[in-house]
Amino acid sequence: MRPFPEPDPGEPALGSPGRYLLWLAAARRASAVLAVGYGVLCTLAQAFVPAAIGRGIDRGLVAGDRGALVAWCAVVLGLGVVQAVTGTLRDRCSVTNRFGAAYRTMQLVTRKTAQLGAELPRRVSAGAVVSVGATDITRIGAALESTARGGGAVVSVAVVAGVMLTVSWQLGLVALVGVPLSAAAVAALMRLLHARQHELRKEQGALADLAVDIVDGLRVLRGIGGERVFADRYRERSQRVRHEGVRVAGVESSVAAGRLLLPGLLVAVIVWLGAHFVGTGRMSPGALVAFYGYAVFLAEQLRRATSMLDQLTRAFVAARMVTDLLALEPGLASGDRDLDAEAARGPLRDPGSGLEIPPGRFVAVVCDRPDDMRLLADRLGRYVDSPVTLGGTPLAEFPLAEVRRRILVVDHDARLFSGGLGSQLDPHGRAGEGAFGGASGGAGSGARGTAERLRRALDTASADDVVEALPEGLRQETAGGREFSGGQRQRLNLVRALMSDPDTLVLVEPTSALDAHTEARIAERLGAHRRGRSTVVLTTSPILLDRADHVVLVEEGTVVAEGRHGELLADARYRAVVTREVTTA
């Protein structure tokens, strides 16, 4: 049996968290119905045990009938077997529902993050995404798992209350009144718990955001001695989370006390009344034993029902976070005009700034404001809406996926993923087992060609020493690039960009973390490696600028000068940016 069948491809109902949870349940309708059905059968088998024991006492022990005693013992044994079998099947279906719902939610979240792409950091904080993947999907799965036990508990409570009414309407009435009152009291606490949990979830997301920021900037923080400042910030934020957690814990303790105390009081009342009825001859001893068993059973089922409500409350909060994320839509529309190879090699022009990238040239762009570099790169790669044209046609008219394939933007946020380094550096996945010098002697010409391209890219990015320092070379498993320094990551990201071989490559400060000698080697080799392709480098590095075919100066978002690096040094505005020369009015 496949425990996680391929999920229904239909889209989720995002109107509310409740609708989303119902959609998840409906997507696994067969398994959910079976889980609840097995849960009902299991709890009903457990519910009838006290009745069978009571009958065995009255008709067997009290009446002295050995045959009746054996028969009722057999009934109790049979009920136990039914309970064991249905309980096992219930748990099997429940676990399938739990992981199926969590897996489906993770699929949807992953698909949405991939769909949003570069827009994701601008729309959702990193901490919120981390919290959804680490916490919320678990709570949603746990809620669906709890419905089997909780559903069986609700049905069995109603059945047992009916049985009690037929035996003694007074005790049945106590049960029918006491159970809803206990449930209502706990439900009131649950509503308060829901509000407190929502506030705690927000604080946890904010703390996760801060943690991500600190981890990303840890190297810089240590360089400027800012660890203490950010440690104080983290401590302050974590204390706010602790305060909210204490508030939630206070309500949770009240809920736990209510779940234990109220059913216990109900049991005590039923047993006291039952004992009184036995003393007055209105009830047999077997019936009293049965009623005591019913009371204990009801207490346990009430705890299960309230536990289900607790899980559903947590899941409701989690589903709200998930649906908020899934409701986001990409802000950029995709066109439908064909973008063929000939059109992709046309001039790339940004009318807003006046910047034009001739086809097949190595162009360097100098901006007087660092923020303009990122903005220009986003506009040229169509990560924001802009009137940029390619070959005279607006980028907005082309399919977004084709624009991404033809124009690659590599900035400071570019990261490596976990896995083999060689496969990370070959984004198209064309490298075979023997492409990186492995033992596979049967590697085809395609793998050999990929290996040769990779070696050339490593040489251009001056990253050979990075690979040679690894025990397993290109086969080395990496942990998202965290084991590399900033300069090493920059060179490896450049290798990956060169392996992508786009028609237009846009690099934002690709050598900012490198020493002058390494930067000079890259500057010497980059133009030759990209010959025949358009390359745009947004930088203020004189070493890169000196090797560019054409240099453009952008001041306050507009092109103000163009030429070769040596020629532009005569312009005071250019010198002020490139050489940090201080000009006087």
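Index from 1, following the sequence.
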Requested in this report: Please lay out, stage by stage, how S462 and R525 fare under the test side chain to side chain contact (heavy atoms under 4.5 Å, CB included).
Outcome: CA-CA 9 Å; S462 193; R525 301 165 183 171; 4.2 Å; yes

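- Taking the side chain as every heavy atom from C-beta outward, R573 and E555 approach each other to under 4.5 Å.
- Here the side chains of L545 and T539 are in contact, with some heavy-atom distance below 4.5 Å.
- The side-chain tip of R139 does not point at the ring of F316 from less than 6.0 angstrom away and within 45° of straight on.
- Residues F362 and V537 have side chains in contact (heavy-atom distance under 4.5 Å, counting atoms from C-beta outward).
- Of the possible polar contacts, none joining the T138 side chain to the A102 backbone as a donor-acceptor pair under 3.5 Å is found.
- A salt bridge links E402 and R406; the closest N-O separation between the charged side-chain nitrogens and carboxylate oxygens is under 4.0 Å.
- V322 is not listed as a side-chain neighbour of L108, based on a closest heavy-atom distance of 4.5 Å or more.
- Side chain of T540 to backbone of V578: no donor-acceptor contact under 3.5 angstrom is found.
- The stretch residues 375-391 participates, sequence neighbours left out, in these salt bridge (charged side-chain N to carboxylate O under 4.0 Å, His left out) pairs: R122-D378, D350-R379, R374-D378, R382-D385.
- A distance-only check finds no donor-acceptor pair linking the side chain of T511 to the backbone of L514 [under 3.5 Å].
- The shortest side-chain heavy-atom distance between F484 and L416 falls under the 4.5 Å cut-off.
- The closest side-chain heavy-atom distance from L348 to V388 is below 4.5 Å.
- Residues Y574 and H565 place their aromatic rings such that the two centres sit under 6.0 Å apart.
- The backbone N or O of R320 lies less than 3.5 Å from a partner atom in the side chain of T323, making a donor-acceptor pair.
- Salt bridge absent: R369 and E556 never bring a charged side-chain N and a carboxylate O closer than 4.0 Å.
- Using a cut-off of 4.0 Å between Lys/Arg side-chain N and Asp/Glu carboxylate O, R455 and D464 are scored as not salt-bridged.
- With a 6.0 Å radius and a threshold of 12 heavy atoms from other residues, nucleotides or ligands, D338 has its CG atom at or below the threshold.
- Evaluation of the side chain to side chain contact (heavy atoms under 4.5 Å, CB included) rule for S512 yields H412, Q490, E509 as partners, not counting sequence neighbours.
- Electrostatic pairing of D465 and R491 counts as a salt bridge here, judged by a charged N lying under 4.0 Å from a carboxylate O.
- For the pair N493 (side chain) and R489 (backbone), a donor-acceptor distance under 3.5 Å is present.
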